[in-house]
Amino acid sequence: MKDYIVADKWKIIENHFDPHLQMNSESLFSIGNGRMGQRANFEETYSGPSLRGSYIAGVYYPDKTRVGWWKNGYPEYFAKVLNSVNWIGIELKINGEIVDLYTCKVIDFKRELDMKSGLLKRSVTIKLKKDRVVEIRCERFYSMAQKDLCLMQYRVQPVNFNAKVNISWYLDTNVLNSDANYQEDFWKNRKQGIKKKKAWVMATTRKTGFTVCAAMRQELHTDNASEMVVSERMREGRIERAASTTVTQGGFISLKKYVSIASTFYHREEELVGVTTASAKTAMKDGFKKIRKAQARTWGDIWKRCDVEILGDVKAQQGIRFNIFQMIQTYTGDDPRLNIGPKGFTGEKYGGSTYWDTEAYCLPFYMSTTDPSVGRNLLIYRYNHLEKAIENASKLGFSGGAALYPMVTMNGEECHNEWEITFEEIHRNGAIAYAIHDYIRYTGDKEYLVDYGLEVLIAIARFWAQRVHVSPRKRKYVMHGVTGPNEYENNVNNNWYTNYIAAWCLQYAIAAARWVEERDPQKYTSLRSKINLDEESEFSHWNEIVEEMYYPVDESRGIFLQNDGFEDKEDLTVKDLDHAARPLNQNWSWDRILRSPFIKQADVLQGLYFFEEDFGIETIRRNFEYYEPKTVHESSLSPCVHSILAALIGNGEKAYEMYLRTARLDLDDYNNDTEDGCHITSMAGTWLSIVKGFAGMRVRDGVLHFKPFIPPAWEAYAFRISFRGQILRLVVGQEEVKVENLNDGPFSVVVFDECQNIEGNADATVRVSQQVA
Ligand code: BGC
């Protein structure tokens, strides 16, 4: 754990420089705008440990697979979002001395991520040779309003001497990925140019052929400097401008850099130079101040929809806003080709690819806090990958249009290459079907089934129907050789969660087909013939599986068993573990982990979270009380599910404990791995813990329900929800719950099982104490 981030409601602040924390802070202070983003690297030279990273969504490289023993069915490559053009680069020399915070003396340092306005700021005072003191202030951002733009401002002030300043600023595509299987250079420099005020650089990814072009303009200001000599340089993959001058004591030189970055993801290659140079030029005309103002306005509008306020606990407030901020700047949802990598733009681990995290964790956040098209785009992403998912399943021996969605993907093809996950962690297919249900339940957009959803559901159902077999001994359908969400046990038989979600998918696919058939018989008929659906035999087979699926249970305890044989493991709980053994994945051999009864993340409980309505509270409680003590939460996706279920069964203390683990996971570096990047997808879990956990939000028959409780440490919390075109705000205090209807028309919600019909622009208040009693 680390504890150096200063508590603040709207800002992430570091007010002391420690090179050991630099990699960690580079992750935490990352900025982006959904299209591109970047770690908080320093602009100027830095020779200490650092992971330099600027990423562009959708621009990837197929890094050739590297495994020990090849298994048939492994993918050929892992698609990785690439480290791309370094647009912030500056070289600063003062009186011949290179400014490098790793080697010079840092007297004062403050780094600040202003989440309200989407700005990264830094101010630093350094002492150079002969006690020369220099102040540097910089600021940068990725424009949320104009997605190709990134701007920075860099100001140097000699405090106690007249400084000979050489400053150069550049764009450079000579960048490498730190995560590369064969240390290949993923980029091929194409061309660069400096012509009058225009300066640009262009590179193309090897193999995938994405071309990226970046153009810059700049403004230089000084107050009392002597004459300035400006020069320019160019070499392959790099264009650079430089200025040298003398800045007198107390004076300054400041640089404003306007950069536009575009790629063939959105433009034709021959347009790129024109598009980026024109955009950089317009940005400079508009000016830094104006664009920064627009940035604050855009973020202001975003916060109006998605903010969660917590009164009485600044650290908790900072935690939830940090998570929301990172989620929004990772994915803005305007392009169905993009998705949410577990590290977003904050690091290279997981390759920037898509996991089941999106459907299982992120979707509800975006549905409730952004435009309805955003959630839909997340579903369309998978619809567009359906053909690849069918191809993927057929590579593994499935047929007849069965689809297995990949564990990890960029373009629909599987990238993961560990057999126990690639081939066995198939529950992900269920999450993709579940997301369709979840989306329709929340938005009411059942029409989605007609053109997109049903086709996906049937292909997924076909997979499950082939993946099960009848056990001659049990005379039931069973599923062997799987890995559940708990990756600390592999190759198990009858993982309860997987069996359950498989049967659910089969049932849901049939129900969806019946609905589409009735709603739009013509489209249904044409889909049937497109996918050769033999309703009679396929549906009756699916129904039989649903009826005859085998579920491992312990009747005497009244719990579902994670998988066959789970109870034959040692009966230990996390309390029996030596503190020094945690996290297990960093301290124990893999073999020991696999044999142990310790659970990485919610597994049976993941199912109870998804399908809560199928089970009584007592069943959920018994399972929770059995599994939670065995869970080490070594996936960041785990605590939120536990927090939500704990709240559901009335264990407020546990719900809060689990919430704390998710809310400041990165800010306090709980898992000792934030330097690799932030846990973006699990950040949605923090929001879920508050909205679905503490506030108990559910949608039942098209109506929002709340059953709020408030942790004793908080005075109040409040959040906004967009629901079917309406916005409402819920304020939960220790004494009462207020629901504000922010729409002109009336709105009905259920609070503590009682329906509240609220007039437009009015509110309703319900006392909490009465409910608790
Ligand atoms: C978890 C998976 C998750 C992945 C990416 C793993 O540690 O076990 O469930 O999909 O991380 O977040």
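First listed ligand is number 1; within each ligand, the first listed atom is number 1.
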A.B. asks: Begin from the C-alpha positions of H679 and D666 and carry the test side chain to side chain donor-acceptor pair (under 3.5 Å) through to its verdict.
C.D. replies: CA-CA 7 Å; H679 299 80; D666 287 313; 2.7 Å; yes
A.B. asks: Heavy atoms only: give me the nearest I340-T358 pair and the separation to one decimal.
C.D. replies: O-OG1, 3.8 Å
A.B. asks: Counting heavy atoms only, name the option from K343, Q601, R428 that's nearest to atom 8 (O) of ligand 1.
C.D. replies: Q601
A.B. asks: Which atom pair, heavy atoms only, marks the closest approach of P342 to S353?
C.D. replies: CD-O, 3.1 Å
A.B. asks: Under 4.0 Å from a heavy atom of W356: which atoms of ligand 1 are those, numbered in the order shown and with their elements?
C.D. replies: 2 (C), 3 (C), 9 (O), 10 (O)
A.B. asks: Which ligand 1 atoms, with their elements, are less than 4.0 angstrom from a heavy-atom of L637?
C.D. replies: 3 (C), 9 (O)
A.B. asks: With heavy atoms under 4.0 Å as the rule, classify the contact between E634 and ligand 1 as side chain, backbone, both or neither.
C.D. replies: neither
A.B. asks: Quick test: of every protein heavy atom, which one is nearest to atom 7 (O) of ligand 1, and how far off is it to 0.1 Å?
C.D. replies: K600 NZ, 2.8 Å
A.B. asks: Tell me if the centroids of the rings in Y60 and F210 come within less than 6.0 Å of each other.
C.D. replies: yes
A.B. asks: For W70 together with Y74, are the ring centres under 6.0 Å from each other?
C.D. replies: yes
A.B. asks: Nearest protein heavy atom to atom 4 (C) of ligand 1, by residue and atom, and its distance?
C.D. replies: Y355 CD2, 3.9 Å
A.B. asks: Under 6.0 Å between ring centres, would you say that holds for Y61 and Y77?
C.D. replies: no
A.B. asks: Between H679 and ligand 1, find which residue part has any heavy-atom pair under 4.0 Å and reply side chain, backbone, both or neither.
C.D. replies: neither
A.B. asks: I need the atoms of ligand 1 closer than 4.0 Å to a non-hydrogen atom of E487, numbered in the order shown.
C.D. replies: 1 (C), 2 (C), 6 (C), 8 (O)
A.B. asks: What protein heavy atom is closest to atom 12 (O) of ligand 1, reported as residue, atom name and distance in Å?
C.D. replies: D357 OD2, 2.5 Å
A.B. asks: Taking atom CG of N72 as the centre, does the number of heavy atoms from other residues, nucleotides or ligands within less than 6.0 Å exceed 12?
C.D. replies: no
A.B. asks: So which heavy atom in the protein is nearest atom 11 (O) of ligand 1, and how far is it from that ligand atom?
C.D. replies: Y350 OH, 3.6 Å
